[in-house]
S.K.: 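I have a structure I would like to understand better, so I am pasting it below and will then ask my questions one at a time.
For the numbers below, each heavy atom of this structure counts, side chains included, while hydrogens, waters and symmetry mates do not.
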Number of protein chains: 2
Amino acid sequence: MEQLISDESFMREALKEAQKAFDADEVPVGAIVVCKNQIIARAHNLTERLNDVTAHAEMQAITAAANYLSGKYLNECTMYITLEPCVMCAGAIAWAQLGKLVYGAPDTKRGFNLLNEKRILHPKTEVSSGVLAVECGDLIKTFFQKKR
Amino acid sequence: MEQLISDESFMREALKEAQKAFDADEVPVGAIVVCKNQIIARAHNLTERLNDVTAHAEMQAITAAANYLSGKYLNECTMYITLEPCVMCAGAIAWAQLGKLVYGAPDTKRGFNLLNEKRILHPKTEVSSGVLAVECGDLIKTFFQKKR
């Protein structure tokens, strides 16, 4: 997949979304969807505000990107997420047949990789991790430290 | 969990939802959420109409039930689904901490049980399967036969 703009600069946009979640007292996770080097969707976690466990950043980003493209498959898109997706979001990413998934920090409690099941994602989805992992992870750590 | 009305009669309500999906040319899966023997949410698969892979019956039912209850946890609810949930929906059901899950037909291609990972669902979620399995499964078989 062609990638003129760096993964880091796109991840910084996802981090801006995560910061919006942080400022709204939501678990700070942000996601963006990129198609042909253009951002076509931005989202951050809204589970508290919407009172809805399904309102993760990734779920909203998938819905918004599909809406933008008028098509439900995202095989020509890259999604940047500040945190490793959970099982629900990985399942949604699989249905969307996402072209490439790039995430920042690992989620050692709820991340889909805990299942050790490569079958969750679509076989054609490329995966890259660790992009701005420290910044992405620090935002979450700070959030939970503040909560204690 | 108290259950005055039978699982079968609630599953018939979920089947009515699945039939609505069938009639709209959607993969026919229906779900209802029951709390204190009352149906508080009804939904059917809308992935085609909404152009959105996340619009499974279960996802919509979780959102609707949480909205009805003004709380995002469904630990006092039972969800009836005509088909075994996929990984995405099982992940959402886990986040919702659903009290009890009752499903009809098994999904041998996409069902969450294929992963052989009991960790997907919340440890407190009871699971019951096979309720009206033949009717639930036949509706899906008929749908895909019609498509060929």
S.K.: Could you tell me which of A55(A), S70(A), A94(A), C89(A) has the largest number of non-hydrogen atom pairs under 4.5 Å with chain B?
M.R.: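 When all of A55(A), S70(A), A94(A), C89(A) are compared, S70(A) has the most.
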S.K.: Should V87(A) and V87(B) be marked as a side-chain contact (heavy atoms from CB on, under 4.5 Å) after you check the CA-CA gap, both sets of side-chain angles, and the distance that decides it?
M.R.: CA-CA 7 Å; V87(A) 172; V87(B) 171; 3.4 Å; yes
S.K.: In terms of heavy-atom proximity below 4.5 Å to chain A, should E48(B) be classed as side chain, backbone, both, or neither?
M.R.: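 Only the side chain of E48(B) comes within 4.5 Å of chain A.
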S.K.: Under a 4.5 Å heavy-atom cutoff, which of R110(A), M59(A), Q97(A) has the most pairs with chain B?
M.R.: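 The residue among R110(A), M59(A), Q97(A) with the greatest pair count is R110(A).
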S.K.: Which residue out of A92(B), A66(B), A65(B) racks up the most heavy-atom pairs below 4.5 Å with chain A?
M.R.: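 Ranked by heavy-atom pairs under 4.5 Å with chain A, first place is A92(B).
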S.K.: In the single-linkage hydrophobic clustering (I, L, V, M, F, W, Y; side-chain heavy atoms under 4.5 Å), do V34(B) and L121(B) co-cluster?
M.R.: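 V34(B) clusters together with L121(B).
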S.K.: Might you point out which heavy atoms bring N51(B) and K72(A) nearest each other, and give the distance in Å?
M.R.: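 Here N51(B) and K72(A) meet closest at OD1-N, 3.3 Å.
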S.K.: Can you name the closest pair of heavy atoms from Y73(A) and V53(B) and give their distance?
M.R.: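 Smallest heavy-atom distance, with atoms named: CE2-CG1, 4.5 Å.
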S.K.: Same cluster for I39(A) and L15(A) if Ile/Leu/Val/Met/Phe/Trp/Tyr side chains link at under 4.5 Å?
M.R.: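 Looking at the clustering, L15(A) is in the same group as I39(A).
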S.K.: Establish whether L101(B) and L69(B) are linked, either directly or via other cluster members, by ILVMFWY side-chain heavy-atom contacts under 4.5 Å.
M.R.: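 In one cluster with L101(B): L69(B), yes.
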S.K.: How far apart are the closest heavy atoms of M88(A) and G91(B), and which atoms are they?
M.R.: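 It is CB-C, 3.8 Å.
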S.K.: Would you say L74(A) ends up clustered with Y68(A) if hydrophobic residues are merged whenever their side chains have heavy atoms under 4.5 Å apart, either directly or through other cluster members?
M.R.: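 Same cluster: Y68(A) reaches L74(A) through Ile, Leu, Val, Met, Phe, Trp or Tyr contacts under 4.5 Å.
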S.K.: In this structure, would I81(B) and I40(B) fall into the same cluster of hydrophobic residues linked by side-chain contacts under 4.5 Å?
M.R.: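 In one cluster with I81(B): I40(B), yes.
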